[in-house]
Peer 1: 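Quick one: structure below, then a few questions.
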Amino acid sequence: MSAAPKLFACPKDTAIVLLGTGVVGCALLRLLATPAASGLYLVGAANSRRQIANARGVVPTQVFAALGASTLPRDDAALLAALDASGASCRVVVDATASGEEAAQHAAWLAAGFHVVSANKAATGEKLSAWQDLHRAAARGAVSYGDAATVGAGLPVLSTLRRLHACGDRLLALDGVFSGSLSWLFNHFDGSRPFSALLRDARAFGYTEPDPRIDLGGADVARKLLILARSAGHALDVADVEIESLVPPQLRDIDMADFLNRMEELDGEIEARRAQAAREGGVLRFLARLDERGRAHVGLTQVAPTHPAARLAGTDNLFALTTQRYQVQPLVIQGPGAGPEVTAQALLGDLLTLRRNVAA
Ligand SMILES: NC(=O)C1=CN([C@@H]2O[C@H](COP(=O)(O)OP(=O)(O)OC[C@H]3O[C@@H](n4cnc5c(N)ncnc54)[C@H](O)[C@@H]3O)[C@@H](O)[C@H]2O)C=CC1
Ligand SMILES: N[C@@H](CC=O)C(=O)O
């Protein structure tokens, strides 16, 4: 891969490797080629099968072609070596995969002094012990973990919660719609098209997880609820969240390709629920709730058309934060909660914050 002279017009202070060149990773590559990303330079990129690395710099717009031509085997160590060889003072691994294996490495990377910026929720939204390890590792490595993309695709909800927590405010309850894909699906599911057809569209628009059962099964929403609760100081674990799955038992354990061919099997049950809700004057929304007694639940709920969740559009997420100081009226954050551009912007925002903090 040839060096990129234009990139070196900026100080080489922040070197990046990018894991994952799917919809989010690609959108980030586009942003890295814009002036907003001055001072950030890419030294490696990988998908699940191939990688490229060059400590002197990789041109973001050439990553696809270079990966296509690459014969380098997948090896995270070689990517970390490129970060080290770059000489940059700030070395960052960006995780835009949905891989549990990569997420399991975040703590080790932090402990070794690499910053991590992640859209992947598997490290922070699953086991509480992993969350705790990660925060200990970041302290040990004196580095930061950027996670703005993991909740609300970068809506300012985690930053707000953390600021309230730092001010001594206490989160009492959390309510809302935490999934962009499920929001989009139920905002459009009016009986005119089968649910499975809408799901194919949501997948094509890049709103769903690589395996849409992670969305439909409630796991993605539960992860976000856990990330939010933990960021507000609540030590919640996976077993503390009651999850209602929309995936019927016969579709849960088959491989993803089979599931994608059999999505029509979702239609009967979900259309019956929609029709029943409509007969009773309501609509379906996939809601998340953490109540004041620490009970957490995610699942499909029938709501009245006047309910705030019934008035969302597109991929809107809605986060209603009830805290000691926002008790009479919750603090509400609403906006698009999925999609490549907004998610990549959240990653870029974390990278720029890191760069600023390291320079300060
Ligand atoms: N799509 C969205 O709106 C949002 C996505 N996210 C998160 O962003 C992440 C990526 O999502 P998408 O781009 O939609 O998925 P995608 O399926 O389009 O892309 C995933 C990429 O990761 C690569 N990959 C898988 N395992 C890998 C490994 N071990 N090493 C390197 N690359 C590997 C795949 O080859 C692919 O390039 C997920 O964790 C998702 O939860 C977060 C917020 C919003
Ligand atoms: N699949 C997720 C993408 C963002 O996290 C969602 O639907 O919200």
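First listed ligand is number 1; within each ligand, the first listed atom is number 1. All figures in this text were calculated on a predicted structure; none of them were measured in a lab.
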Peer 1: Is the shortest distance from a Lys or Arg side-chain nitrogen in R162 or D147 to a carboxylate oxygen in the other one below 4.0 Å?
Peer 2: yes
Peer 1: Is the NZ or CZ atom of R274 both under 6.0 Å from the centre of the six-membered ring of F195 and within 45° of that ring's axis?
Peer 2: no
Peer 1: Heavy-atom contact under 4.0 Å between A153 and ligand 2?
Peer 2: no
Peer 1: Check this for me - ligand 2, G180, N or O atoms closer than 3.5 angstrom, yes or no?
Peer 2: yes
Peer 1: T97 versus ligand 1: do any nitrogen or oxygen atoms come within less than 3.5 Å of each other?
Peer 2: yes
Peer 1: Could you go step by step and tell me if Y145 and F114 meet the ring-ring contact (aromatic ring centres under 6.0 Å, His included) rule?
Peer 2: CA-CA 9 Å; Y145 191 81; F114 298 99; over 10 Å; no
Peer 1: Is it true that G180 lies under 4.0 Å from ligand 1, counting heavy atoms only?
Peer 2: no
Peer 1: Run the contact test for Q51 against ligand 1 with a 4.0 Å cut-off on heavy atoms, strictly below, and give the result.
Peer 2: no
Peer 1: If you count the atoms of ligand 1 from 1 in the order shown, which ones are under 4.0 Å from a heavy atom of V23?
Peer 2: 12 (P), 13 (O), 14 (O), 18 (O)
Peer 1: Does the pair E209/K121 count as a salt bridge with the N-to-O cut at 4.0 Å?
Peer 2: yes
Peer 1: Of the protein's non-hydrogen atoms, which lies at the shortest distance from atom 5 (O) of ligand 2, and what is that distance?
Peer 2: K121 NZ, 2.7 Å
Peer 1: Return the closest protein heavy atom for atom 7 (O) of ligand 2 as residue, atom name and distance.
Peer 2: S181 OG, 2.6 Å
Peer 1: Kindly confirm or rule out an N or O of V24 lying under 3.5 angstrom from an N or O of ligand 1.
Peer 2: yes
Peer 1: Using 4.0 Å as the upper bound for N to carboxylate O, is an ion pair formed by E244 and R273?
Peer 2: yes
Peer 1: Is the contact between T343 and ligand 1 made by the side chain, the backbone, both, or neither, using heavy atoms and a 4.0 Å cut-off?
Peer 2: side chain
Peer 1: Can you report which non-hydrogen protein atom sits closest to atom 2 (C) of ligand 2, along with the distance?
Peer 2: E209 OE2, 3.3 Å
Peer 1: Heavy-atom contacts with T208 under 4.0 Å: which atoms of ligand 2 show up? List them by number with element.
Peer 2: 1 (N)
Peer 1: With heavy atoms of A338 as the reference, note each atom of ligand 1 found under 4.0 Å away.
Peer 2: 3 (O)
Peer 1: If we check side chain to side chain contact (heavy atoms under 4.5 Å, CB included) with D220, which of these qualifies: L182, I214, L225?
Peer 2: I214
Peer 1: Using a heavy-atom cut-off of under 4.0 Å, does the side chain or the backbone of D220 touch ligand 2, or both, or neither?
Peer 2: side chain
